[in-house]
Undergrad: 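This structure is in structure tokens; I'll ask about it shortly.
Note that these values count all heavy atoms, side chains included, but never hydrogens, waters or copies made by symmetry. Note that this is a predicted model, so its numbers are computed, not measured. Heads up: numbering here begins at 1 and tracks the sequence.
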Amino acid sequence: MSRNIEYVETNGKERLYAKSPNKSIIFISDSTVNYSKIYGHLGAVTTIKYKISNDTLILGTKDIYGKNLTDNNPDFSNIYLVNNDSITSLKNDEKYFSTDYLKSSSEKPKGFYIIYKNKAYRIKSQRSADRILGKIENMDSKRFIELDKDIAKQRYGINKKYKTLEYK
């Protein structure tokens, strides 16, 4: 389950931390956050005061209106461990990742390799895929077989982090 967080000094800008699409923590000032939770198509948002001490984020147990947050939210956590790209709840181990971290990890596909006529071709984009697949006459997609990563490394020197498909 994906969890998002963005932590930076606020400087008057909102900062987003979210857990999946159903929970988020948004830093709206140097002392308050908006904590939101979405249930299906309905949601609730409240503003909470916070403090940061060393690497620990401490949320208040009451919102700025005096309502106790643990009454209706048994899974509410008010103590988090802060890292560069994430916040982790010390109560229930929920991990929230920064939106910058998620963007950087999801926007860069690692690609894969196609083996055709005993030659390895790295596929990094649609353009490279079109170029390589265009070489295959009467291509049948059922003839692509995934190679074991150890065999791909041994035969073709392909790093084990890449998926390798061989056209037979």
Side-chain angles (χ1 to χ4, degrees), residues 1-11 13-28 33-46 55 57 59 72-77 79-168:
M1 181 180 280
S2 158
R3 295 175 172 99
N4 320 314
I5 296 183
E6 184 179 330
Y7 177 76
V8 239
E9 293 305 316
T10 55
N11 297 340
K13 299 177 186 173
E14 292 185 352
R15 304 297 179 210
L16 173 67
Y17 287 80
K19 174 199 170 274
S20 176
N22 59 4
K23 283 187 184 179
S24 67
I25 299 171
I26 303 171
F27 288 80
I28 56 173
V33 296
N34 276 352
Y35 180 83
S36 67
K37 200 168 182 183
I38 299 171
Y39 305 92
H41 297 291
L42 300 175
V45 177
T46 192
D55 60 351
L57 168 68
L59 300 179
N72 295 330
N73 297 305
D75 61 339
F76 174 76
S77 174
I79 299 177
Y80 296 87
L81 179 63
V82 177
N83 294 312
N84 289 339
D85 58 0
S86 66
I87 293 177
T88 306
S89 168
L90 296 177
K91 178 182 175 186
N92 54 21
D93 287 332
E94 286 182 327
K95 192 158 191 159
Y96 297 71
F97 291 103
S98 74
T99 52
D100 288 342
Y101 171 79
L102 289 176
K103 285 179 187 174
S104 68
S105 64
S106 66
E107 288 179 0
K108 299 174 187 167
K110 62 182 176 183
F112 62 98
Y113 280 84
I114 289 180
I115 308 297
Y116 178 63
K117 292 187 176 178
N118 290 323
K119 185 170 181 189
Y121 298 94
R122 182 163 179 204
I123 308 299
K124 295 186 277 186
S125 65
Q126 183 65 47
R127 187 176 181 184
S128 63
D130 291 343
R131 183 176 49 84
I132 301 308
L133 296 176
K135 293 180 177 185
I136 302 173
E137 295 178 20
N138 301 322
M139 185 182 72
D140 179 9
S141 61
K142 294 178 184 171
R143 293 180 60 191
F144 281 102
I145 298 169
E146 185 174 354
L147 274 183
D148 180 76
K149 293 181 185 231
D150 291 325
I151 293 171
K153 174 74 174 166
Q154 181 183 3
R155 287 187 193 164
Y156 304 101
I158 297 172
N159 191 320
K160 291 182 181 183
K161 70 179 183 179
Y162 295 105
K163 180 178 272 196
T164 304
L165 302 175
E166 184 172 26
Y167 189 76
K168 294 263 183 182

Undergrad: Do you know which two heavy atoms are closest between Lys135 and Tyr116, and how far apart they sit?
TA: O-OH, 3.6 Å
Undergrad: For Lys91 and Phe76, indicate whether the former's side chain and the latter's backbone hold a donor-acceptor pair under 3.5 Å.
TA: yes
Undergrad: Are the side chains of Tyr167 and Ile132 in touch, meaning some heavy atoms are under 4.5 Å apart?
TA: no
Undergrad: Measuring only between side-chain heavy atoms, which start at C-beta, is Leu133 closer than 4.5 Å to Ile123?
TA: no
Undergrad: For a quick test of reading the model, state the closest non-hydrogen atom pair linking Val45 to Ser36 and the distance between them.
TA: CG2-CB, 3.5 Å
Undergrad: Run the numbers on Tyr113 and Leu147 for side chain to side chain contact (heavy atoms under 4.5 Å, CB included), then give the verdict.
TA: CA-CA 10 Å; Tyr113 280 84; Leu147 274 183; over 6 Å; no
Undergrad: Rounded to the nearest 0.5 Å, what separation is found between the OH atom of Tyr80 and the OG atom of Ser86?
TA: 12.5 Å
Undergrad: Let's go through Asn83 and Asp55 carefully: what are the C-alpha distance in whole Å and the side-chain angles of both, what is the deciding distance for side chain to side chain contact (heavy atoms under 4.5 Å, CB included) to 0.1 Å, and is it a yes or a no?
TA: CA-CA 7 Å; Asn83 294 312; Asp55 60 351; 6.0 Å; no
Undergrad: By side chain to side chain donor-acceptor pair (under 3.5 Å), which residues pair with Asp148, not counting sequence neighbours?
TA: none
Undergrad: Output the distance between atom CG (Leu165) and atom CD1 (Ile145), rounded to the nearest 0.5 Å.
TA: 10.0 Å
Undergrad: Apply the test side chain to side chain contact (heavy atoms under 4.5 Å, CB included) to residues Ile87 and Ile25: give CA-CA distance (whole Å), side-chain angles for both, the deciding distance (0.1 Å), then the verdict.
TA: CA-CA 10 Å; Ile87 293 177; Ile25 299 171; 5.5 Å; no
Undergrad: What do the steps show when you test Thr164 against Lys149 for side chain to side chain contact (heavy atoms under 4.5 Å, CB included), and what is the final call?
TA: CA-CA 7 Å; Thr164 304; Lys149 293 181 185 231; over 6 Å; no
Undergrad: Can you see which heavy atom on Lys160 is nearest to which on Asp150, and at what distance?
TA: NZ-OD1, 2.7 Å
Undergrad: Quick one: closest heavy-atom pair of Lys168 and Glu166, and the distance?
TA: CE-OE1, 3.3 Å
Undergrad: Please report the interatomic distance CG(Asn34) to CD1(Ile28), rounded to the nearest 0.5 Å.
TA: 4.0 Å
Undergrad: Throw together a table of side-chain donor-acceptor distances under 3.5 angstrom for residues 151-158, partners on residues two or more places apart or in other chains.
TA:
none

Undergrad: Between Arg122 and Tyr162, which heavy-atom pair has the shortest distance, and what is it?
TA: NH2-OH, 2.9 Å
